[in-house]
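To start, the structure under review is shown below, and the notes come after it.
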There are 2 protein chains.
Amino acid sequence: MSYKTKKVMPIGIVSELTGLSPRQIRYYEERKLIFPERSEGGTRKYSFLDVERLMYIAEKMEDGLQTYEIRRMEKQKNQEELRREMLRGQLNAAFRQRT
Amino acid sequence: MSYKTKKVMPIGIVSELTGLSPRQIRYYEERKLIFPERSEGGTRKYSFLDVERLMYIAEKMEDGLQTYEIRRMEKQKNQEELRREMLRGQLNAAFRQRT
DNA sequence: CGTGTAAGGAATTCTGACACG
DNA sequence: CGTGTAAGGAATTCTGACACG
């Protein structure tokens, strides 16, 4: 696992890095926009990728979007990616090509 | 600053990642082998590079080296690098070359 | 020298709730 | 809906010291 995706930061650091309040960060988790891991004791752990995602979320919030709208956008993006990958898989299977 | 060098991890995470005890990690700091940053409240913050360095230190310790020997090795390495860089600088100046 | 541990305190984080709008 | 805040408690970290070897 890369340094970018490894969950290692406490919420205080993430708050400093993103400019968001701990309250905001926890709320975005409640709204299924962000998914930190937990330590044994229950404290949240975030990755740099999470920090990037939070900054992206912050932008969208500033644009006036609601959390469920952002979540919907993310889901759409993922589904488009899936579609593209499945298409690529089918093409590969059909023509026996290797990338 | 890259994800590798940004100081963001608390000592508990570093302990998990390296397999070293917090006591050992603090001791290596006392012996000037590692240099975490501090939060306002005084808690230590480490980077992934620090984690790598700690694993390197752990190896050397297992080899039976003492902390001052490891510190001496590091210093030597740095000085060699400096020498090489200065030499490169002089050559560039002498021949007006650009890399 | 290098590391474990118990001690006491401080910084950090957690959750659920109330408030505002 | 999104966020601030005070509340109480728990997890985490801090330092200095003693112990062992």
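Below, read A as the first sequence line, B as the second, and so on, with proteins coming before strands; counting in each chain starts at 1. Just so it is clear, the model here is predicted, and its values are computed rather than measured.
- With C:dT12, D:dG4, C:dG2 as the candidates, the nucleotide lying closest to the side chain of B:Arg31 is C:dG2.
- Note: CD (A:Gln24) to C1' (D:dG4) measures 10 Å, nearest angstrom.
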With pairs defined as Watson-Crick or G-U wobble and both distances under 3.5 angstrom, please note down DNA chain D as a dot-bracket string, | for pairing with another strand.
.||||.||.|.|.||.||||.
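- Side-chain atoms of A:Arg23 and A:Tyr27 include no donor-acceptor pair closer than 3.5 Å.
- Between A:Ser39 and B:Arg38, the residue anchored nearer the 5' end of DNA chain D, judged by the nucleotide with its closest heavy atom, is A:Ser39.
- Listed here is the closest heavy atom pair of B:Ser15 and B:Ser21: OG-CA, 4.0 Å.
- A:Ile13 has its CD1 atom 14 Å from the C1' atom of D:dT12, to the nearest Å.
- Remark: C1' of D:dT13 and CD of B:Glu16 are 14 Å apart, rounded to the nearest angstrom.
- Atom CD of A:Glu40 and atom P of D:dT13 are 12 Å apart (whole Å).
- Remark: of the listed residues A:Leu54, A:Ile25, A:Thr67, A:Thr67 is the sole one forming a side-chain contact (heavy atoms from CB on, under 4.5 Å) with A:Leu33.
- Two residues, A:Gly42 and A:Gln66, neighbour DNA chain D, and the one matched to the more 5' nucleotide by heavy-atom proximity is A:Gln66.
- Between B:Leu20 and B:Ala58, the shortest heavy-atom contact is CD2-CB, 4.0 Å.
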For A:Gln79 and A:Arg83, what are the C-alpha separation, side-chain angles and deciding distance, and is it a side-chain contact (heavy atoms from CB on, under 4.5 Å)?
CA-CA 6 Å; A:Gln79 291 194 345; A:Arg83 246 180 268 132; 4.2 Å; yes
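- Note: CZ (B:Arg44) to C1' (D:dT12) measures 12 Å, nearest angstrom.
- Rounded to whole Å, atom C1' of C:dC14 lies 19 Å from atom OH of A:Tyr27.
- Taking the six-membered ring for Trp and thresholds of 30 and 60 degrees, A:Phe48 and B:Phe48 have ring planes inclined between 30 and 60 degrees apart.
- Residues B:Ser47 and B:Lys4 share a closest heavy-atom pair of CB-O, 3.4 Å.
- Of all nucleotides listed (C:dT3, D:dG2, C:dC14), C:dC14 comes nearest to the side chain of A:Thr43.
- Rounded to a whole Å, the CZ atom of B:Arg23 is 15 Å from the P atom of D:dC20.
- Within the nucleic acid shown, A:Tyr28 comes within 4.0 Å of sugar-phosphate atoms alone, with no base atom in reach, counting heavy atoms only.
- When rounded to the nearest whole Å, the span between CE of A:Met9 and C1' of C:dT13 equals 16 Å.
- In this structure, B:Gly41 and B:Ser21 both approach DNA chain C, and ranking their closest nucleotides by distance from the 5' end singles out B:Ser21.
- Residue A:Arg26 is classed as a base contact, given a heavy-atom separation below 4.0 Å to a base.
- B:Pro22 comes within 4.0 angstrom of nothing in the nucleic acid, heavy atoms only.
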